[in-house]
Structure formats: structure tokens, C-alpha cells
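So you know, we letter chains A, B, ... as the sequences are listed, proteins then strands, and number each from 1.
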Amino acid sequence: MKKREIALNGILKSNPTFRLVLGTCPTLAVTTTAVNSLAMGLAVTFVLVCSNMMISLLRKVIPDNVRIAAFITVIATFVTILQMLMKSLLPDLYSALGIFLPLIVVNCIILGRAEAFASKNGVADSITDGFSMGIGFTASLTLIGVIRELLGSGSFFSLSLGVRSPMSVFVLPAGGFFVYGILMAVINHITYKSEKSRLLKKERAE
Amino acid sequence: MEYLIIIVSAVFVNNFVLSQILGICPFLGVSKKIDTSVGMGIAVTFVMGVASVFTYALNAYVLTPLNLEYIQTIVFILVIAVLVQIAEIIIKRFSSTLYNALGVYLPLITTNCAVLGVALINVTPSLNYNLLSAFVNGVFSGVGFTLALVLMAGIREKTVTSDVPRAFRGFPIALITAGIMSMAFLAFSGMV
């Protein structure tokens, strides 16, 4: 795969949130506000890039039959570093994300990329892949976060828009399920449409 | 009484899947048939109960006296991975029927965030749990997970045959269903 292809892969073609449907727990749990969503996305990106890099460097050393345990240990180490950094630098966000920060360890995107990409590719490509997947995840989370915050608390990145009675169901878990489901359906619809028009064009050309 | 409150809270009020949003991956992935969802639910409940005891004990009697709480996450995930492996070996040795029923789900449980989630919730200082309440919370959070999973499977078995708009097929309709279930579970809020 070319560099450019790897870099775009995570953002569009295999977007972790809407295409691969991985890491659904944080996607639904922390997207009550846009700021929390962005923070969660960046936290996952940090761990993803670091663990991809480390696993790619160690890929020839790790024995095949204990690789999952080794990957989880590497990921857990970076999550712990992240927890310590956030606790001292950003205590408010640290408490807002709660147990979902340590739960990054079991986020399937990170283990998934370690297994599917970093354990088979070089360091530079693995870092690019980590960034791409991380940015795709961050963008999707922020999109969900902005929508839920706008509808559920009537504000945009904590900036109040003066809505008198926002629909508070959207900041509850139920609203998270609805927004995520509807966004995924919209994306499916667009994909079907563009596929259809591409097929039509092909037919016409023939 | 204290334990009754923990049980009602874990199963209904703070249902792991529908109120706390933990364990969504298996909730969406393994909820297509009722029998497989029951199997998955039992396996998760078992691991959650055992993991709660071990992680709580390790945290209270080893990590806290040594001031090592900051490596909690690493220790917990390794304990869970080892427990899942041991559970697999024991079940395989003693009951082949149970192993055949649960076998495929066991490795998946390590990365189920409900298990690590309950371990981390049990050691939250503000809850002030002891070893027994951690165990009760672990087991009944698992029961709550199973309840949500089985209910979801029951609904999905019906929606398979219904005429869902093309763009909503698969995950989107499952998420909308989960949203409606989550709204229904809101009725329990404030009970405890």
C-alpha cells in the first residue's frame, strides 16, 4: 500500500466508527459534549500511534503465541502514561472521562490495528496508520458529540446558544444510540447512492 | 439490605449496557440469536464475578499497601486475561458440554470492556465496597448484561424478517433498537 493510501484509509474507507464499528463503548459513552468527544478521540490517537510504533518495532521479537498478551501489555503501559499525564495536566477532563480513560486498554481499534497492521508492517507505515485511524476516530466522535450537545444541551463546544428547552434525551445513553444509528444509516445511504451513480456512469460509458 | 440495593442497581437501574454503556461490542455482535446470547451472558457473568474478587483483593491487599495504585490498569487487564485463560482450561477439563456452548466466547471476554469496567468501578473509593459487595456487584452486573443481551436478541430475531429500509439494515437498526430499550430502562432510574 502507498503512503497516501494508508493515510486516507482510516479517515474514509475503513473509518473505525462508521465502517468498522469498533470502539463503540467510548463512542456512545463520552460523546455527551463536543469537548469530551474531542479529548477522547485525541487520547485514543495518542495511544494508537504509540502502541503501533512500539509493536511494529517489536514485531520480530514477540513470539507468535503470546502476541495478544504482549500487545495488551504494551497498550496498557501507554494508557497508564496517558492517565498520569492527564491527571496532572488536565484534571477536569480526567474526571469527566472517568473510567473510559483506563478502558482505552480494551478499545478494539487499538488491539485491532496492532494485530492487523502494526505486527506486519514497518515503523513509518504503522505510525501513519495509527494517525489515520486516530484522526478518523476523533472526527467521528466529535461529529456525534457536536450533534448530541447541540440537541441535548443547546450549546456548541460548551458555548451556550440560548435554547430554552433542549431535548435532554440526547445527552442520555438513549440519545447516543439514536444519533449513532441514524448517522450510520445516512452514511450507508450516501455510499449506496454514490455506488449507484458510479455504476450508471460505467454503463453509459460502455 | 445493602446487597439488595447493589443487586437491583446493577441489574436494572445502572444496567451495564443500557445505562452505563459498557460492553457494547458483544451486545451488538453476539445478539443475533437467543441461545448464543444466553451462552455469552453466562460466560461474561462468570468471568465478571471471579475477576471482581481477584482484582478487588489484589488492589486492596497488594497494590494499596505498596502505593502502586497507578499500575492498576495494567495489573487488572493482565489478571483478567489470565483468569479467562484459566476459566477456559477448567471448563474444558470438567464439562465438555459447557465448553462447547461457551468455548468460542471465552477468548473474546478479555477485551470486553464490561469486565475491566466492573473491576475499575469496584475499586472506586467513593463507593466504599468490601470484598463481598465487589463480588455481588460483579455477578449481578453480569446478570444485567445478560438481561440486556437476551432482550436484544429476542427483538433482533423478529426484526430479521421485517422490511427494514436498506440504509438502516444491520448495525443502524440495532442501534435504534438499543436506544428504545435504553429509554425503557430509564423508567428504573431513581429507584435506588
(message) I need the B/Met181 CE to A/Phe177 CZ distance, nearest 0.5 Å.
(response)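 The distance works out to 8.5 Å.
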
(request) Output the distance between atom CD1 (B/Ile173) and atom CE (A/Met184), rounded to the nearest 0.5 Å. (result)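 Rounded to the nearest 0.5 Å, the CD1-CE separation comes out at 12.0 Å.
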
Checking [X] against chain A: side chain, backbone, both or neither under 4.5 Å from a heavy atom?
| X | result |
| --- | --- |
| B/Ala81 | neither |
| B/Val17 | backbone |
| B/Leu116 | both |

(request) For atom CZ of B/Phe54, decide whether the heavy atoms of other residues, nucleotides or ligands shown that lie under 6.0 angstrom number more than 12. (result) no

What's the shortest heavy-atom distance between [X] and [Y], and which atoms?
| X | Y | answer |
| --- | --- | --- |
| B/Cys25 | A/Cys108 | SG-SG, 3.4 Å |
| B/Pro172 | A/Gly181 | CB-O, 3.5 Å |
| B/Ile21 | A/Pro173 | CD1-CB, 3.7 Å |
| B/Gly179 | A/Ala174 | O-CB, 3.5 Å |

Which bit of [X] is near chain B, if near means a heavy-atom gap under 4.5 Å: side chain, backbone, both or neither?
| X | result |
| --- | --- |
| A/Leu172 | side chain |
| A/Val169 | side chain |
| A/Leu28 | both |

(request) Between chain A and each of B/Leu78, B/Ile176, B/Ile180, B/Leu120, count heavy-atom pairs under 4.5 Å; write down the option with the most. (result)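 With the most close heavy-atom pairs to chain A, the winner is B/Ile176.
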
(request) Determine the option with the most heavy-atom pairs under 4.5 angstrom with chain B, choosing from A/Pro102, A/Gly176, A/Gly175. (result) A/Pro102

(message) So which residue, A/Ile68, A/Val105, A/Val179, A/Leu103, ends up with the most heavy-atom pairs under 4.5 Å with chain B?
(response)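 Most heavy-atom pairs within the cutoff with chain B belong to A/Leu103.
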
(request) Evaluate the side-chain proximity of A/Phe100 to B/Leu22: yes if any heavy-atom separation is below 4.5 Å, no if none is. (result)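 They are in contact (side-chain heavy atoms under 4.5 Å apart), so the answer is yes.
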
I'd like a table of all donor-acceptor pairs linking chain A to chain B (distance under 3.5 Å, no angle check), giving the atom names and the distance to one decimal.
| from | atom 1 | to | atom 2 | distance (Å) |
| --- | --- | --- | --- | --- |
| A/Gln83 | OE1 | B/Thr73 | OG1 | 2.9 |
| A/Ala174 | N | B/Ser182 | OG | 3.3 |
| A/Asn188 | ND2 | B/Ala167 | O | 3.0 |

